[in-house]
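The structure appears right after this line, and notes come after that.
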2 protein chains.
Amino acid sequence: MSPTSETLTAERILEATEEVLRRHGPAKATVVDVARALGVSHGSVYRHFRTKAALREAVTKRWLDRTSEALSGIVAAEDRDPETRLRDWFTALFDAKRHKAGDDPELFATYTVLTDENGDVVGAHIADLTGQLTLIVRAGVDAGAFHAASPEATARALFQATGRFHDPGYARAWEQPGVQEEFEAVVDLLVRGLRQ
Amino acid sequence: MSPTSETLTAERILEATEEVLRRHGPAKATVVDVARALGVSHGSVYRHFRTKAALREAVTKRWLDRTSEALSGIVAAEDRDPETRLRDWFTALFDAKRHKAGDDPELFATYTVLTDENGDVVGAHIADLTGQLTLIVRAGVDAGAFHAASPEATARALFQATGRFHDPGYARAWEQPGVQEEFEAVVDLLVRGLRQ
DNA sequence: CAGCTGACAGATTTCAATATCTGTCAGCTG
DNA sequence: CAGCTGACAGATATTGAAATCTGTCAGCTG
């Protein structure tokens, strides 16, 4: 049985949508294109996603969730010391973003458009990431390595202070010479501020 | 002698251009509008500014320079202790930006368009501001209050880490409840990291 | 009869004709 | 004659008609 004759699922629609977005870009990707790629009528797509916006939102969420999952491994490594985990987490976040932006700039631009139109999903993603950070900060406080009156507020401050190295709005700066040093300077300053 | 019959100077053209930008917005403000506001032909404007882009660049520079000048007073107050000056400087910067954005959102949006199209001018402005910060950091190091291997690099890190509170891209977040606390949390963390 | 199709109305986008603007410059004017 | 004007060519923006897309739904099909 060929893939095109399999049952139409939300999953298959999301995969086709990613492909259509990759090919046509965010401005020209239509629901009709997605249906055509799947060999169905566009009415069938609307059976799984109420609107085009909902479809694009789901694709956005998938994309963001992939980054969150990649980072959660560092949070879970509870045997390693908190400062190292904190530095590794930020380094992994920066590297992931930098590669996404640098390896396929067009696709990255496409997803930037998608995140811009899905503020709620992005908000949830940021809440997810600061949640991960909170776990590391709290572990540091419990181990007596970090000082933080409120691990949650401190995690938020850490995330915001490093925005230049993960906010897509700064993507162009990630290619400039010297960013790595700038990243390390900011993280060093923050880690010093965090130490007991 | 009425103002409209005075000599046509670059200064008068810049003032008229600001007014036209305020009235029509960045997309519809034309050189012809500026000339009309001054009661001259548009050819005369081109006598003082080679292109429309050069005119808009000059307006942008003027606007940014006003902020720099307002902050330079804090840098100059060398009798006060460096940590206070550093906090005051960031507070003044954040307040200035927040008011510009909040008091007249339309005008702020206009200048955001202008800064976006004048990267060089913005770069010089940022260099100016980090230069001011460097002076404060160096004073702190000299007084034994701050630790910083390179005051210049540290100043850059401080500026970048506080981007969320001065970069126009985050203007919408400046209205949200809780920003003040977030600002203080970030500055506290950075100042702690800076202390000897 | 669950799931899919395709015709349809209203919304949005495209495209090409038209209007306006930018930048130049020969000549006018005080 | 220094500074300004306004006509002009090419570039850019606006507009409105035509094409396409979104979202619905009555009916088809396996």
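Within every chain, numbering begins at 1; the chains are lettered A, B, ... in the order of the sequence lines, protein sequences first and strands thereafter. Predicted model only: the values in this text are computed from it and were never measured. Just so you know, these numbers use all the heavy atoms, side chains as well, and skip hydrogens, waters and symmetry mates.
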Partners passing salt bridge (charged side-chain N to carboxylate O under 4.0 Å, His left out) against B:D167 (at least two apart in sequence or in another chain): none

- request: Can you sort out the partners of B:E69 under salt bridge (charged side-chain N to carboxylate O under 4.0 Å, His left out), two or more places apart, ordered by chain and number?
  value: none

For B:R66, side-chain hydrogen bond (donor to acceptor under 3.5 Å, both in side chains) partners two or more places apart: B:E18

message: With a strict under 4.0 Å distance from non-hydrogen atoms of chain A, what nucleotide opens and what nucleotide closes the contacted stretch of DNA chain D, reading 5' to 3'?
response: D:dC21 to D:dT24

field: Residue whose nearest DNA chain D nucleotide is more 5′ - B:H42 or A:Y46
entry: B:H42

task: Take nucleotides 10-19 of chain C nucleotide by nucleotide from the 5' end and write B, S or -, depending on whether a protein heavy atom sits under 4.0 Å from the base, only from the sugar-phosphate, or from neither.
output: ----------

task: Could you check whether A:S41 gets within reach of a base, just the sugar-phosphate, or nothing at all, counting any heavy atom under 4.0 Å?
output: base

- prompt: How would you list, by chain and number, every residue that makes a side chain to side chain contact (heavy atoms under 4.5 Å, CB included) with B:A92, sequence neighbours excluded?
  reply: B:L71, B:I74

message: Holding to salt bridge (charged side-chain N to carboxylate O under 4.0 Å, His left out), I want the full list of residues that pass it with B:D65, two or more places apart in sequence or in another chain.
response: B:K61

Residues 138-156 of chain A side chain polar contacts: donor-acceptor under 3.5 Å, at least two apart:
from: A:S150; atom 1: OG; to: A:A153; atom 2: N; distance (Å): 3.1
from: A:T154; atom 1: OG1; to: A:S150; atom 2: O; distance (Å): 3.0

query: For A:D116, which residues count as a side chain to side chain contact (heavy atoms under 4.5 Å, CB included) partner, sequence neighbours excluded?
result: A:T112

- prompt: Looking at residues at least two apart in the chain, or sitting in another chain, which of them share a ring pair (Phe, Tyr, Trp, His ring centres under 6.0 Å) with A:F165?
  reply: A:F94, A:F183

statement: Pairs under 3.5 Å (Watson-Crick or G-U), crossing ones as [ ], inter-strand ones as |: DNA chain D comes out as ||||||||||||||||||||||||||||||

- prompt: So does A:D103 have more than 12 non-hydrogen atoms from other groups sitting under 6.0 Å from CG?
  reply: yes

- prompt: How would you label the contact of B:S44 with the nucleic acid (heavy atoms, under 4.0 Å): base, sugar-phosphate, or nothing?
  reply: base

statement: The salt bridge (charged side-chain N to carboxylate O under 4.0 Å, His left out) partners of B:R80 (sequence neighbours excluded) come to B:D88

